[in-house]
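The shown structure was predicted, so the numbers you read here are calculated from the model rather than taken from an experiment. Every chain is numbered from 1 and lettered A, B, ... according to where its sequence line falls, protein lines coming before strand lines.
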2 protein chains.
Amino acid sequence: MPTVDILLPGFAIDTDQGYPAFCGVFLVRGADDTGRPRNILVDAAHVGRRPFLWDALAAHGLTADDIDTVVLTHAHWDHVQNIDLFPAATLVLHADERRYAHAPHANDWATPAWTGLLLEQLRVREVVDGEEIVPGVAVIALPGHSPGSIGVTVATAAGTATITGDALHFAYVARTRRNPLVFWDADAATRSIERVLAVSDVIYPGHDRPFRLTADGGIDYLADFALTLTGLRPDTEGLTFADDSARPVWVMPGTGEQRARYDKNADVIRRRISNVPRVVGPGRPESGAGSR
Amino acid sequence: MPTVDILLPGFAIDTDQGYPAFCGVFLVRGADDTGRPRNILVDAAHVGRRPFLWDALAAHGLTADDIDTVVLTHAHWDHVQNIDLFPAATLVLHADERRYAHAPHANDWATPAWTGLLLEQLRVREVVDGEEIVPGVAVIALPGHSPGSIGVTVATAAGTATITGDALHFAYVARTRRNPLVFWDADAATRSIERVLAVSDVIYPGHDRPFRLTADGGIDYLADFALTLTGLRPDTEGLTFADDSARPVWVMPGTGEQRARYDKNADVIRRRISNVPRVVGPGRPESGAGSR
């Protein structure tokens with residue numbers, strides 16, 4: 001049966017000076033229709049985790065060349081930036097997400113205007129809800145956080161595991177059922193959370209540890225928290241710690257006009273997709289190229 | 001006289017799971033030859049600081065449209081990603097840095113292969129050592145960390161202030177005189193550190209607070225440390241704090257071949273520069289578009 005491994009764990013940490021934005025990066029292993037083993041990466045993280053991603057692949061006996069498929073749950077900066085490490089892979093993302101990334105809203109700080117240039121560096125396969133990647137590994141459409149957010153459902157020995165991306169950032173969202181960061185449609189985002197809960201035995205959130213819900217709705221984490229901070233001590237003068245139990249819900253100003261903008265820009269988007277030069281090619285980092 | 005303000009402070013913090021990579025972002029204000037006031041941004045930070053940059057500009061009574069010039073000390077991911085917020089500005093960077101960014105080394109994890117696509121979204125002005133941006137504000141070449149690292153010297157009322165980028169990441173480097181993270185040339189990097197020390201009364205490092213050196217070579221910080229962490233407590237299980245007093249020096253495998261690669265790729269690079277489509281245009285975020 002297919003398996004899910006955590007290559008880079010997701011973290012629900014923030015600062016008042018910027019977002020570390022450490023999303024989960026996952027390795028899904030399965031076999032295609034002919035029985036050939038396939039290595040599927042789900043999300044790629046941002047550049048600040050690039051050496052860590054190299055190391056994590058190596059720890060699983062893999063190099064970037066062994067990844068057949070890179071699935072993007074969505075095109076936000078902290079999930080997409082390392083896709084250029086996999087020039088031979090097929091990039092799988094939702095058609096709506098691909099198009100949106102070529103003409104994002106000016107208020108959408110998580111999708112810079114240059115995002116589309118990055119996406120087109122790989123061969124793209126557009127997917128919609130229900131499509132199979134390999135047997136037992138399928139796409140589930142989870143729009144709301146972004147136009148084409150998707151999850152990946154994996155039929156594992158432990159039941160259905162769903163990699164949610166930021167359709168469900170944090171375990172606590174399974175209780176509030178409100179996406180804390182909406183760039184597209186808040187109501188759709190809530191329906192997507194409910195869909196995840198309906199189909200999943202185990203949930204791999206975008207920025208938190210995997211968990212199950214207990215019979216009484218509690219959160220049962222399936223991995224320990226582990227993080228080392230350098231350059232800080234608990235008693236560093238000027239360092240404070242804030243409670244995150246009341247993380248506010250933020251809806252991007254302008255979400256009401258997103259659909260109309262998206263439709264209006266269809267021609268511009270088609271032209272942009274066809275005009276992106278390919279600058280990413282093979283070239284594997286040497287062993288020890290990481291900076292740690 | 002020209003002035004320097006910190007828009008976003010630089011931080012010397014790291015984790016064992018990824019780099020927060022919060023560089024300093026600076027506002028230099030001066031006047032051009034005709035006396036017209038000019039607003040110069042030095043470095044732009046990565047996407048995880050985008051809403052914070054909007055807020056910092058607003059706190060100085062500015063919007064992105066008020067920035068005439070964006071100087072990049074170098075093209076690493078954590079310094080360049082928000083340049084698309086300033087489509088009307090001139091992008092100032094060293095000629096060597098621009099070219100390198102269009103064909104970076106495979107081991108150079110800080111310069112993804114798609115970096116050149118991003119740089120060409122603005123009108124580029126290539127500069128070399130000694131060029132004036134406005135009277136009292138000049139470029140100082142500081143290669144070594146990257147091929148075309150530059151600093152900005154500002155003739156302020158408090159003497160010569162040098163914004164160093166990652167030619168000098170942290171204050172302690174003024175003592176060790178070794179760049180902790182070398183992607184181009186370690187010896188050149190040391191000469192660049194010595195040059196900064198020779199010309200500067202006040203130093204604004206890439207990832208640390210501004211400082212002066214005292215008569216006996218000590219570090220006199222000119223700003224307080226202030227940071228709030230969310231989603232963590234000092235006693236969070238699994239959280240540890242590591243000493244940073246012995247940050248190791250890392251030199252990228254392959255630096256010895258960097259110059260030859262760069263020269264060999266000259267034609268490819270010229271072609272790439274001329275082929276980048278412009279996808280970034282005007283579009284100002286609404287007030288409140290930040291997510292905090």
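Between chain B and the options A:His105, A:Arg233, A:Met252, the largest number of non-hydrogen pairs under 4.5 Å is found for A:Arg233. The candidate with the highest count of non-hydrogen atom pairs below 4.5 Å against chain A, out of B:Ala106, B:Pro87, B:Ala113, B:Gly18, is B:Gly18.
A heavy-atom distance below 4.5 Å is not found between the side chains of B:Gln17 and A:Thr228. Looking at A:Pro277 and B:Pro277, their side chains come closer than 4.5 Å, going by heavy atoms from C-beta outward. Proximity of A:Glu237 to B:Phe225: side-chain heavy atoms (C-beta onward) are nowhere separated by under 4.5 Å. Using a 4.5 Å cut-off on side-chain heavy atoms (C-beta onward), A:Pro51 and B:Tyr19 make contact. Side chains of B:Val279 and A:Leu117 form a contact here, defined as non-hydrogen atoms less than 4.5 Å apart. Using a 4.5 Å cut-off on side-chain heavy atoms (C-beta onward), B:Val47 and A:Gln81 make contact.
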Legend entry - Evaluation steps, ring-ring contact (aromatic ring centres under 6.0 Å, His included), between B:Trp114 and A:Trp114: CA-CA 10 Å; B:Trp114 42 266; A:Trp114 42 266; 5.6 Å; yes
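A parallel orientation is assigned to the rings of B:His46 and A:His46, their planes being inclined by less than 30° (bins at 30° and 60°). Between B:Phe241 and A:Phe241, the ring-plane angle classifies as perpendicular under the 30° and 60° cut-offs.
Only the side chain of A:Arg272 comes within less than 4.5 Å of a heavy atom in chain B; its backbone stays farther off. Contact annotation for B:Phe170: neither backbone nor side-chain heavy atoms come within less than 4.5 Å of a heavy atom of chain A. Of the atoms belonging to A:Ala12, it is backbone heavy atoms, and not side-chain ones, that fall under 4.5 Å from chain B. Contacts of A:Asp14 with chain B are made by both backbone and side-chain atoms, with heavy-atom separations under 4.5 Å.
Heavy-atom minimum distance, B:Pro112 versus A:Arg50: CB-NH2, 3.6 Å.
Annotation: the span from B:Thr15 atom OG1 to A:Arg49 atom CZ amounts to 7.0 Å, rounded to 0.5 Å. The distance from atom CG of B:Leu227 to atom CG of A:Leu232, rounded to the nearest 0.5 Å, is 6.5 Å. Rounding to the nearest 0.5 Å places CG of A:Leu229 at 8.0 Å from CG of B:Asp16.
Residues meeting the side-chain hydrogen bond (donor to acceptor under 3.5 Å, both in side chains) test with A:Arg123, sequence neighbours left out: A:Thr90.
The number of heavy atoms from other shown groups lying within 6.0 Å of CZ (B:Arg278) is above 12.
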